[in-house]
Amino acid sequence: MKKLFIYYSLSGNGDVVADYLKNKEYDIRKVNMKDKMPKSYILQILKGGFLAGINYKAKLSNFDNNIDSYDEIIIGSPIWNGRIVPAINTVLDNITLDKKKVSFILCCGSGKAPKAEKMLRDKFGDINIIILKEPKRNKKELERVL
Ligand SMILES: Cc1cc2nc3c(=O)[nH]c(=O)nc-3n(C[C@H](O)[C@H](O)[C@H](O)COP(=O)(O)O)c2cc1C
């Protein structure tokens, strides 16, 4: 069974999850936005929070949407302004997840993401959604992944 982790990460928490899943035989595809995020955290909050709030679909610089050979897909997103991020909005718009085993890993500061969970359940039904609180700092969180 072939397994793939597709994710976006701005500050490295998603990368820690990717390293963990790589050791569990997942192929990894990290997506990047064409339009770069600012370096300053305050400006990140303003820009990222606004774009996530309007469910913006960011242009991606490197997304391969061919997932035909995979049986299981995990999608990883940070939480911005309670929601999944603009890069992952684009991913979800451009892949067909029918007939795949789908789950989500959401990284956030609070450990809670009710808005994002609701949006994903409305779209994908009763899927597995794992919410991790800053796994880069709290490595123990990774034990909840698989
Ligand atoms: C623009 C922005 C908005 C954020 N909004 C939230 C939020 O609404 N709730 C929350 O718990 N964490 C929020 N965070 C924190 C991130 O979700 C958290 O640090 C996450 O682990 C980042 O993942 P990454 O390191 O893979 O980018 C926000 C961070 C940024 C940069």
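Indexing begins at 1, ligand by ligand and atom by atom, following the structure's order. Along the sequence shown, residues carry numbers from 1.
Of the candidates Leu51, Val17, Asn81, the one placing a heavy atom closest to atom 5 (N) of ligand 1 is Asn81.
Checked by distance only, ligand 1 and Cys107 come closer than 3.5 Å through their nitrogen or oxygen atoms. Some N or O of Gly82 is nearer than 3.5 Å to an N or O of ligand 1, by distance alone. Checked against a 3.5 angstrom limit, the closest N/O atoms of Gln44 and ligand 1 fall outside it. Between Ser110 and ligand 1, a contact under 3.5 Å exists for at least one N or O pair. The N/O atoms of Ser11, backbone and side chain alike, include one that comes under 3.5 Å of an N/O atom in ligand 1. Not one N or O of Tyr8 is nearer than 3.5 Å to an N or O of ligand 1, by distance alone. Residue Gly14 has at least one N or O atom closer than 3.5 Å to an N or O atom of ligand 1. Not a single N or O atom of Lys112, backbone or side chain, sits closer than 3.5 Å to an N or O atom of ligand 1. Geometrically, ligand 1 and Gly48 share no nitrogen or oxygen pair separated by less than 3.5 Å. Residue contacts with ligand 1: Ile79 is placed with a nitrogen or oxygen under 3.5 Å of a nitrogen or oxygen of the ligand (distance criterion only).
Using a distance-only test at 3.5 Å, with no hydrogens or angles considered, no donor-acceptor pair links the side chain of Asn13 to the main chain of Cys107. In terms of modelled atom types and a separation under 3.5 Å, the side chain of Lys22 and the main chain of Ile28 share no donor-acceptor contact. In this structure, Lys2 contributes its side chain and Asp68 its backbone to no donor-acceptor pair below 3.5 Å. Here the side chain of Ser110 pairs a donor or acceptor atom with the backbone of Lys112 at under 3.5 angstrom.
Contact check on Lys3 versus Asp27 returns no salt bridge, with no Lys/Arg side-chain nitrogen under 4.0 Å from an Asp/Glu carboxylate oxygen. Taking a cutoff of 4.0 Å between a charged side-chain nitrogen and a carboxylate oxygen, Lys47 and Asp35 qualify as a salt bridge.
If you chain together hydrophobic residues whose side chains sit under 4.5 Å apart, Tyr70 and Val17 never meet in one group.
At the top of the distance list for atom 27 (O) of ligand 1, counting protein heavy atoms only, stands Leu10 N, 2.7 Å. Counting protein heavy atoms only, atom 23 (O) of ligand 1 is closest to Pro78 CB, 3.5 Å. The nearest heavy-atom contact from the protein to atom 3 (C) of ligand 1 is Trp80 CA, 3.5 Å.
Atoms CG and CE, on Asn32 and Met37 in that order, are 12.5 Å from each other to the nearest 0.5 Å. Put simply, CD1 on Ile74 and CD1 on Ile127 are 11.0 Å apart, with the number rounded to the nearest 0.5 Å.
In this structure, the ring of Tyr20 has its center no less than 6.0 angstrom from the ring center of Tyr26.
The distance from ligand 1 to the heavy atoms of Ser9 drops below 4.0 Å at these ligand atoms: 24 (P), 25 (O), 26 (O), 27 (O). Per-residue contacts place Gly109 under 4.0 angstrom from the following atoms of ligand 1 (heavy atoms of the residue considered): 10 (C), 11 (O), 12 (N), 15 (C), 17 (O), 18 (C). Here is the list of ligand 1 atoms found below 4.0 Å of a heavy atom in Glu134: 18 (C), 19 (O), 20 (C), 21 (O).
Between Tyr8 and Trp80, the ring planes are perpendicular. Angles over 60° get that label, and only those under 30° would be called parallel.
Contacts between Asn13 and ligand 1, counted as non-hydrogen atom pairs separated by less than 4.0 Å, involve both the backbone and the side chain.
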